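First comes the structure, then the notes that go with it.
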Amino acid sequence: MSNLHTEIFEKSKKMVPGGVHSPVRSFKGMESTPKFFKSANGAYFTDIEGKDYIDFCMSFGPLVLGHQNPAVKEKLTQALGRGWSYGACEPYSVDLAEYLLSRLPHVDQIRFVNSGTEAVMTALRLARGVTKKNKIIKFNGCYHGHVDAMLIKAGSGLAGAAESSSLGVPKGVADDTLILELEDLDGVKKCFEDHKDEIAAIIVEPLPANNGLLIQDQEFLQGLRDITKANDALLIFDEVISGFRVAFGGMAELTGITPDIVTYGKVIGGGLPVGALAAKTEIMEHLAPVGGVYQAGTLSANPLAMVGGLETLKQMTKENYEKLEQNTLRIVNIFKKWLAEYNDGQFSNYNIIHHSSLFWIVPGDKIKSVGNIPGNIGEDFVPLFELLLEKGIYLSPNAYEVGFGSLAHDEDVAKDLEKRLWS
Ligand code: PMP
């Protein structure tokens with residue numbers, strides 16, 4: 001059926017691989033073609049045909065205040081009037097760094113980059129530069145951006161058997177990434193025995209949220225801290241999703257575990273392109289121009305992004321974190337009730353795994369590692385996704401992506417969600 005969306009999608013496909021600039025946007029595996037959105041406000045966005053949707057994707061996480069937060073918009077408008085890129089020193093990144101560092105006791109210094117991928121790429125180089133070792137442990141099911149060394153998964157779940165998840169990643173790169181399973185501390189210990197004095201760092205999403213929501217036990221994360229310390233390796237917390245979302249200080253704050261390097265993205269820029277890495281001074285001073293680990297960026301610490309990030313983070317007070325959780329819990333409960341009731345139980349096998357303002361709609365419970373995820377959730381998700389889309393409720397078009405709440409998803413939005421679901 002031809003409509004405005006398919007027309008634009010076809011046009012885009014002629015010019016852009018798959019018609020999209022990031023793969024999940026393509027609605028691959030879904031029945032419908034991607035919706036094209038023309039505007040967004042609060043918890044809603046509107047497609048090019050004028051239909052509105054409650055947005056539970058929220059740009060994959062950054063928009064913790066909702067779309068077009070008025071105070072952020074005001075600051076951005078003022079910033080626009082001052083010019084939008086200098087490629088030179090400016091005070092706005094200093095303001096953001098000061099605000100962050102005075103509230104993040106586990107780090108002393110920060111470097112702003114343009115994306116989560118860049119933050120991870122630099123963190124890995126830094127870890128290798130500091131330790132003078134090459135190998136990195138990564139966990140099956142954790143996503144760390146499209147850095148070559150991170151696009152690797154375990155072959156048949158075999159620890160240490162690296163295998164690329166993408167063409168174009170050289171075997172030499174894959175060989176230095178050791179893939180282990182979440183929740184398997186014995187596997188981590190054994191890996192350090194097998195690769196004595198070779199492992200630079202463990203990188204982990206302390207709240208893995210890119211292969212569903214795989215909430216880890218405190219003991220596992222603490223175990224990673226202890227093992228890395230005992231082996232002169234660094235612990236990298238990739239808090240691109242969890243940073244400033246589960247708490248201001250992310251999972252480092254919630255767990256009380258201090259990583260050696262933290263990577264940030266998403267909320268830190270409030271929806272503008274920002275990533276960052278942060279650590280104690282003795283690690284950060286290995287970065288250029290002080291140290292020998294090179295990193296640079298034409299648009300790094302872009303003045304608009306710095307101002308947008310700062311105003312977003314200023315609004316993330318303790319009260320607002322509580323509100324964010326309440327908003328999300330309200331929504332999760334509505335979805336749960338509807339999933340149980342709809343069409344005589346068509347979706348009653350679904351459950352919602354939920355942590356702070358993140359939720360994952362999945363036919364399963366107590367899932368903590370990739371091996372526990374039922375095999376066919378991708379296909380099963382299609383009718384649910386399409387039905388919700390029809391009702392004006394937008395989830396990320398992929399069964400393995402989580403949903404996000406925001407401060408804009410308030411009681412009125414919850415009422416509207418109920419109305420849409422039971423309509
Ligand atoms: N790390 C994590 C944990 C992420 O969730 C993501 C993005 N989903 C990235 C890194 C990469 O960030 P970006 O898409 O901004 O490059």
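Whatever order the structure lists ligands and atoms in, that order sets their numbers, starting from 1. Bear in mind that the values here come from a model prediction, so they are computed numbers and not experimental data.
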Inset, instruction - For ligand 1, indicate whether the residue K266 contacts it via side chain, backbone, both or neither (heavy-atom separation under 4.0 Å). - result: side chain

Legend entry - Proximity of T263 to ligand 1 by residue part, where a heavy atom lies under 4.0 Å: neither

Legend entry - Identity and separation of the nearest protein heavy atom to atom 5 (O) of ligand 1: N210 ND2, 2.8 Å

Inset, instruction - Specify the protein heavy atom at minimum distance from atom 6 (C) of ligand 1: its residue, its atom name, and the distance to 0.1 Å. - result: V240 CG1, 3.7 Å

Inset, instruction - In plain terms, say whether E10 and K13 are close enough for a salt bridge, that is, a side-chain N and a carboxylate O under 4.0 Å apart. - result: yes

Legend entry - Short side-chain to backbone donor-acceptor contact, K51 and E390, under 3.5 Å: yes

Inset, instruction - For this output row, return yes or no: ring centroids of F335 and Y350 closer than 6.0 angstrom. - result: no

Inset, instruction - Starting from atom 14 (O) of ligand 1, find the nearest protein heavy-atom neighbour and note its residue, name and distance. - result: T117 OG1, 4.4 Å

Legend entry - Which residue and heavy atom of the protein sit nearest atom 1 (N) of ligand 1, plus the separation: D238 OD2, 2.7 Å

Inset, instruction - Could you walk me through whether L389 and L395 pass side-chain contact (heavy atoms from CB on, under 4.5 Å), step by step? - result: CA-CA 8 Å; L389 195 67; L395 296 178; over 6 Å; no

Legend entry - Structural part of H144 in contact with ligand 1, heavy atom criterion under 4.0 angstrom: backbone

Inset, instruction - Measure the distance from atom 12 (O) of ligand 1 to every protein heavy atom, then report the residue, atom name and distance (to 0.1 Å) of the closest one. - result: G116 CA, 3.3 Å

Inset, instruction - Just let me know how Y143 lines up against ligand 1, side chain, backbone, both or neither, with a heavy-atom cut-off below 4.0 Å. - result: both

Legend entry - Between Y143 and Y400, ring centroids under 6.0 Å: no

